[in-house]
Amino acid sequence: MAIYIVKVSTGSFLGVVSWDNISVSLVGTEGESLPLKLGNFGKDFNQGVEEDFEVKILQDVGSELLLQIHNAYPEQPKSSSLNPDAWFCQELQLISPKNPPLHFPCYQWLEGTESLVIRDGAAKVIWAESSPILLEQRHLELKRRQQKYRWNEYFPGLPHCLDAKNLKELDPNLRSSTNKNVLSPPSAGLSFCRQMGLKMKRMLDRKGPWESMDEICEIFAFLKSEVSEYVAEYWQDDEFFASQFLNGLNPVLIQCCHSLPDNFPVTNNMVAPLLGPGTSLQEELEKGSLYLVNHSLLSGLSPGLIDGRPQYVAAPMTLLHQKPDGGPLLPIAIQLNQTPGPNNPIFLPSDSEEDWLLAKTWVRNSEFLVHEMVTHLLCTHFISEVFAIATMRQLPMCHPVFKLLIPHFHFTFHINTIGRMDLFKPGGLIDKSTALGHVGCLELVARGMKMLTYRSLCLPHNLADREVQGLANYHYRDDGLQIWDAVERFVSNIIDIYYPEDRSVFQDSELQSWVQEIFVEGFLGQECSGIPTCLETLQDLVQFLTMIIFNSSAQHAAVNSGQFDFSAWVPNIPTSMRLPPPITKGTADFLGSLGDVSTACHALILFWGVSDQDRDMRLLGTYPEVHFTEEAPKQSIAAFQSRLVQISQDIQERNKGLDLPYTYLDPLHIENSVAI
Ligand code: FE2
């Protein structure tokens, strides 16, 4: 007979309490014990508490391999509990008479009469495991986690998503935690109106154009941030307009321009005065000091109606110049559509103030659409969800890649399900606030999907392909590379612990199934995307994992967190335009072109909701759920965390010298996962 202490940790959030019906059995190399009831005097398994239970095992089971946890319905269910037959088990520890304690990470719900089989977190066994008992356990665990895919919003051409139409259909173990304070858009709307008062409510109902800039100021006065006040002051400046391509919400489009596209016939005469003395358009193109932002993805999309009124979309090209001495980046020419001609003038800073401002505002509207649908939604929310589903379906909990990645999917299923439910439904916020409506927006996402490549998702390659190394004051690039490097080193350290050589990566069949599934379900088998279909070397694996963690954390923060900051001042990000793009100069109607008052106010609700900071935020590099229980990965985590602290200090120091600090990639503001 052996006496063990079983330490049990119950989750610390509401609704996790069970009712004294938990038992465990120990599975070892020589057999399996009978179920042993865990019970002390009084109520057990209390919220957020670690409790000790003594159990006696009569037979010799050999070396401990697995723990089975059994839950049974209580004889008299307590109606007061939120979820009376559910228990969230965080971790068990087994303290045996002769060996060091074994840690069994769990972090799962047990509902009804089901059982769970979990294994020692320190098990280093992955690609070459041969124990039949352990193989069987892995097989059963994965069988239990076969979540299904479906077309995202039933729209072909988008990455597949989890087959759950609403939160009720979401498996409890995919919700991560149930009491997270997240604002879904409808509640955000109510809360917004409550705070903003009746006046705002009236504005939400107001169909028709803005009557004056004073009216926009009134809306702006309701809620501000330091950044939004800066935006409201400088939004008309060319320098600020251009800086948003570097450090605004969509810092991923600008690229070096060595030759102008054929459909953008800017001439030397048009721009020579802006380039400085003694140079020409051709010389500046050759020097690499001209940059292009091309919103061609929007060309030919059909805008929708808002309140029965047609909306309009442009597909502009913007040419920018930065003097080689590192002076400010400035816009020098804008063409609002892709087909050149007499009805598609090239606007210049030398045009009338009204014409130039309206041309820039059209570009801002195009930035909004491409940013939200492609940069934000597709390249962070949707692809992160695919990584998450494939991880749940293909990798058992004992797999080091599961342990490494799972914290980076915290709350992603939840937020994406809410988004699909509330934003994209017919008549939802997307229809109320954007020129494209939900159908056009999804078509834009599908277009973005066709352009998506593995290189574009790997920041160093993305920057190299856009040739933006020489751009001054590109803080997104500088901070992003620091974070990428820190994540890569961390991933490399972890992988070195578990994979001794390239062959071990190649032979890990679970890993190969996982990457194959991501290729097929996430990237729809598009070989031109360059997404790997198998991983052959340690380096392949490190890059792939770095890409996943970076895009699920830092990249999402860079393109999500500033939404309210940059959009609160309506003319900086008009989400819809109610007049067509001007076809001649001298006809600009600025206020008449901005979307209706109610359109802008509905967009503000959205931006306010997604920028809410009062949430259970898990910052990059924090791992409250302890999946790695050995010393070596714990040291890697500690090294990662201290590197992030250093990066944060460096960013804060740099920001002291900036008129508009760039904070979105400060690790103190980056969440571990796509969670909002
Ligand atoms: Fe987001």
Side-chain angles (χ1 to χ4, degrees), residues 152-153 158-159 161-162 167 175-176 180-189 192 225 227 248-252 367-388 407-424 428-430 433-434 438 441-442 444-445 448-449 452 457 476 480 483 522 548-568 573 575 602-620 663-667 669-676:
N152 221 317
E153 284 326 277
L158 272 56
C161 69
L162 191 72
L167 293 180
R175 282 182 222 154
S176 305
K180 184 162 177 173
N181 175 22
V182 66
L183 284 172
S184 65
S187 63
F192 193 84
S225 69
V227 177
L249 288 174
N250 196 35
V252 300
E367 270 284 85
F368 161 76
L369 292 167
V370 173
H371 159 255
E372 285 298 357
M373 296 307 140
V374 180
T375 313
H376 181 200
L377 197 63
L378 171 64
C379 296
T380 64
H381 280 257
F382 285 177
I383 64 160
S384 193
E385 183 173 346
V386 171
F387 301 144
H408 298 286
F409 306 136
H410 177 70
F411 220 62
T412 301
F413 292 122
H414 194 121
I415 196 70
N416 281 4
T417 305
I418 290 177
R420 282 190 281 269
M421 263 171 18
D422 291 336
L423 301 182
F424 280 94
L429 268 181
I430 295 282
S433 61
T434 71
H438 76 282
C441 280
L442 289 171
L444 176 55
V445 182
M449 183 70 191
L452 192 58
L457 292 170
Y476 161 79
I483 305 281
I548 291 177
I549 295 176
F550 181 84
N551 286 292
S552 302
S553 58
Q555 182 64 14
H556 179 254
V559 303
N560 180 83
S561 308
Q563 288 180 94
F564 185 78
D565 286 342
F566 285 99
S567 312
I573 300 194
T575 57
H602 278 104
L604 279 178
I605 290 177
L606 183 62
F607 297 135
W608 187 76
V610 295
S611 301
D612 175 54
Q613 296 298 304
D614 182 22
R615 295 179 294 112
D616 161 28
M617 284 176 72
R618 295 187 178 181
L619 295 184
L620 180 60
T663 58
Y664 304 117
L665 285 178
D666 177 343
H669 300 285
I670 299 175
E671 282 193 82
N672 246 345
S673 59
V674 174
I676 185 89

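When a ligand or atom number is given, it counts from 1 through the structure's own listing order. Counting from 1, the numbers follow the sequence of the chain as shown. Please read all numbers here as calculations on a predicted model, not as lab measurements.
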Return yes if some donor-acceptor pair links the side-chain N/O of [X] with the main-chain N/O of [Y] below 3.5 Å, else return no.
X: H556; Y: I676; answer: yes
X: S673; Y: H410; answer: yes
X: N416; Y: H381; answer: yes

### Contact check, side chains of E372 and N250, non-hydrogen atoms, under 4.5 Å
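They are not in side-chain contact.
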### Query
Do any of the N/O/S atoms of I676, backbone or side chain, fall under 2.8 Å from the Fe ion (ligand 1)?
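Short answer: yes, at least one N, O or S atom is under the cut-off.
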### the Fe ion (ligand 1) to nearest N/O/S of T380 less than 2.8 Å
no
### Message
Looking only at N, O or S atoms, which one in H381 sits nearest to the Fe ion (ligand 1)?
### Response
NE2
